[in-house]
Amino acid sequence: MGFELHKRVRLGPIYLDTHNGRVRSWGFKLGRFSRNMTSGRTTIDTPGPGRFSFGGKRRRR
């Protein structure tokens, strides 16, 4: 197990998720609506701690 660096870079409504200096995913966020263009997942934040997500690829672990 080693040290890993995760960071989200915001450029206005567009964001880049990085992992050890490499871009792993990107998307945009407008208010409560966000779309991850890499996975195709759409998320809508609900009032409180919840959120509604749909679409996108499913990852197996």
Side-chain angles (χ1 to χ4, degrees):
M1 179 166 45
F3 179 75
E4 295 180 355
L5 179 64
H6 296 267
K7 185 171 180 160
R8 177 173 277 193
V9 178
R10 300 249 355 224
L11 304 168
I14 298 172
Y15 66 84
L16 304 171
D17 283 331
T18 62
H19 177 81
N20 288 338
R22 297 174 59 193
V23 174
R24 294 293 183 155
S25 68
W26 71 280
F28 62 90
K29 182 171 177 71
L30 297 170
R32 292 183 176 229
F33 174 83
S34 65
R35 172 81 175 174
N36 184 315
M37 301 305 285
T38 305
S39 67
R41 181 161 298 279
T42 301
T43 304
I44 300 171
D45 292 334
T46 60
R51 68 179 178 211
F52 181 70
S53 297
F54 55 92
K57 304 172 197 170
R58 296 204 181 247
R59 291 179 56 184
R60 288 189 173 186
R61 288 190 167 200

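Using a distance-only test at 3.5 Å, with no hydrogens or angles considered, a donor-acceptor pair links the side chain of Thr18 to the main chain of Lys7.
Taking hydrophobic clusters as Ile, Leu, Val, Met, Phe, Trp and Tyr residues chained together by side-chain heavy-atom distances below 4.5 Å, Tyr15 does not share a cluster with Val9. Clustering ILVMFWY residues whenever any of their side-chain heavy atoms sit less than 4.5 angstrom apart, transitively, puts Leu11 in the very cluster that holds Leu30.
Among residues two or more places apart in sequence or in another chain, the side-chain contact (heavy atoms from CB on, under 4.5 Å) test is passed with Arg35 by Phe28, Phe33, Met37, Thr42.
Considering Arg51, Arg32, Lys29 as possible partners of Asp45, the one that fulfils the side-chain hydrogen bond (donor to acceptor under 3.5 Å, both in side chains) test is Lys29.
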Exercise. Could you give me the CA-CA distance, side-chain angles and deciding distance for Arg8 and Asp17, then say whether salt bridge (Lys or Arg N to Asp or Glu O under 4.0 Å) is met?
Key: CA-CA 4 Å; Arg8 177 173 277 193; Asp17 283 331; 2.8 Å; yes

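The shortest non-hydrogen separation linking Leu16 to Trp26 is CD2-CB, 3.6 Å.
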